[in-house]
Number of protein chains: 2
Amino acid sequence: MLGTPTRDRRSERREATKTEIVGVAWELARTEGLAAISLREIARRVGMQAPSLYSYFDSKNAIYDAMFAEGAREFLNRDRPAETGKALRDLQAHMRFFVQFCTEDAARYQLLFQRTIPGFEPSADSFAISVAGLELTRERLARMGFDDPRVLDLLTAIGTGLTDQQISNDPGGDRWVRLVDEAMEMFFQHVTTRMKKKGRARP
Amino acid sequence: MLGTPTRDRRSERREATKTEIVGVAWELARTEGLAAISLREIARRVGMQAPSLYSYFDSKNAIYDAMFAEGAREFLNRDRPAETGKALRDLQAHMRFFVQFCTEDAARYQLLFQRTIPGFEPSADSFAISVAGLELTRERLARMGFDDPRVLDLLTAIGTGLTDQQISNDPGGDRWVRLVDEAMEMFFQHVTTRMKKKGRARP
DNA sequence: GTCTATATTTGGATAGAC
DNA sequence: GTCTATCCAAATATAGAC
């Protein structure tokens, strides 16, 4: 009887190449813009001819989809600040975490959180990863006492506003990033006051 | 001696055609996306062949530039809410004005306020119009007592955050638009409290 | 000012040999 | 799995006749 290998060197190699292709695609997206990546240029940088890429991905959008999945997995798996039970501190720490993640890679933010690549929609599998990541955030905010949809909408607006301004008007800097703590103080003050008025418990 | 006409019918006609071309370009940008407009399609819709457009504009970017100038002029010339002297009310009204302007035409917002068309930069003339519009806003906020750069950065982040969320996650709806008044209350409360602490006059 | 014809570039994708 | 060769489509832009 023939021995059955527990590892498949061929598919390991294949996965490694796919990873390399996606890595080069990200590199290109960061320098030339997310919409400007081309199969020819990706192929050139990994030392292939363009058609060879089709052995690994069915289409250009399949590459975008792999990029989306990778970015979403990074968000899902990244270590989050520990919860201390002090609502304001936790809120500040978590928003710093979020804005930091978004602004450290504008191309990734564009792919994950904005709708800007014409004709690209993430696959159900990739989308599920991203939903899982956002769900972590939602649960955490709920533990802090923020579960009113309106309040969450206000909070997400502040988060994306700081992120967008940072990326658009001070890329690489920290002009808006450093406003996160103050913005959360403002938000927290507002929400707790409003909750008291409504006779609800403080978070 | 020959009579000298006070009007130049030829150049009037020419300007009218340029305006028509830009109008069709906007129409296309709104339906297909700002980046997706093509000279062929513009020409087709105005009843020309593509090369004929070059009699009116030197390049595709020149059309983008004319669009930019038109959008900036709309922002500059639009009637703004009257100032009442009540800082919070004026702030709310002005932010409603801004978010309304931005969200009513996502393509225009994208062209004027985001950097998303690869290779396009507005000309100095067009850019000056947009600067004049933003300057109106800056002056108005200064009259309300908001002139600290940090405070203005926080305010613009809230404004673009509400706008972006509205456009990205509820296009055509009002899920974030209707949070403007509350957001301004929150901001106002925060800033006045902070000013008092610093011993400065209330706005 | 508008047209036809065409240059030029660039992109995604496929066929088929090796 | 990789290559060469090629297809096909779309885009901006130019030349030159009318």
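Just so you know, these numbers come straight off a predicted model, no measurement behind them. Reminder, nothing fancy here: chain letters follow the sequence lines and each chain counts from 1.
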**Prompt:** Can you list every pair that meets ring-ring contact (aromatic ring centres under 6.0 Å, His included) and has a residue in residues 42-62 of chain B, with sequence neighbours left out?
**Reply:** none
**Request:** Rounded off to whole Å, could you give me the CG-to-C1' distance for the A:Leu53 and C:dG11 pair?
**Result:** 13 Å
**Request:** Using whole Å, report how far CD1 of A:Ile63 lies from C1' of C:dG11.
**Result:** 13 Å
**Closest non-hydrogen atom pair, B:Val99 against B:Gly159** = CG2-O, 4.2 Å
**Request:** Output all residues satisfying salt bridge (charged side-chain N to carboxylate O under 4.0 Å, His left out) with A:Asp65, sequence neighbours left out; order by chain, then residue number.
**Result:** none
**Request:** Mind calculating the distance between OH (A:Tyr64) and C1' (C:dG11) to the nearest angstrom?
**Result:** 12 Å
**Item:** Side-chain donor/acceptor of B:Arg78 to backbone N/O of B:Leu76, under 3.5 Å
**Value:** no
**Item:** Residue pairs passing the side-chain hydrogen bond (donor to acceptor under 3.5 Å, both in side chains) test where at least one lies in residues 13-23 of chain A, sequence neighbours excluded
**Value:** none
**Request:** List for me each residue that meets salt bridge (charged side-chain N to carboxylate O under 4.0 Å, His left out) alongside B:Glu74, sequence neighbours excluded, and say none if there are none.
**Result:** B:Arg108
**Request:** Quick one: list whatever passes side chain to side chain contact (heavy atoms under 4.5 Å, CB included) with A:Glu182, sequence neighbours left out.
**Result:** A:Leu179, B:Arg150, B:Leu154, B:His190, B:Arg194
**Item:** Between C1' of C:dA13 and CG of A:Asn61, the distance in whole Å
**Value:** 13 Å
**Complete:** Separation of C:dG1 atom P from B:Glu15 atom CD, nearest Å, is 10 Å
**Message:** I need the NZ-P distance between B:Lys60 and D:dA13, as an integer number of Å.
**Reply:** 8 Å
**Of residues 21-38 of chain B, the positions that come close to DNA chain D - non-hydrogen atoms, cut-off under 4.0 Å** = B:Ile37, B:Ser38
**Message:** Holding to salt bridge (charged side-chain N to carboxylate O under 4.0 Å, His left out), I want the full list of residues that pass it with A:Glu32, two or more places apart in sequence or in another chain.
**Reply:** none
**Request:** Figure out the CD1/P separation between A:Ile42 and C:dT10, and round it to whole Å.
**Result:** 16 Å
**Asked** In whole angstrom, what separates A:Phe120's CZ from C:dG11's P?
**Response** 20 Å
**Message:** Going by the rule salt bridge (charged side-chain N to carboxylate O under 4.0 Å, His left out), which residues pair with A:Asp170 if we only count those two or more places apart in sequence or in a different chain?
**Reply:** none
**Message:** Treating primed atoms plus P, OP1 and OP2 as sugar-phosphate and everything else as base, which nucleotides of nucleotides 2-8 of chain D get B, S or - for protein heavy atoms under 4.0 Å?
**Reply:** BBBB---
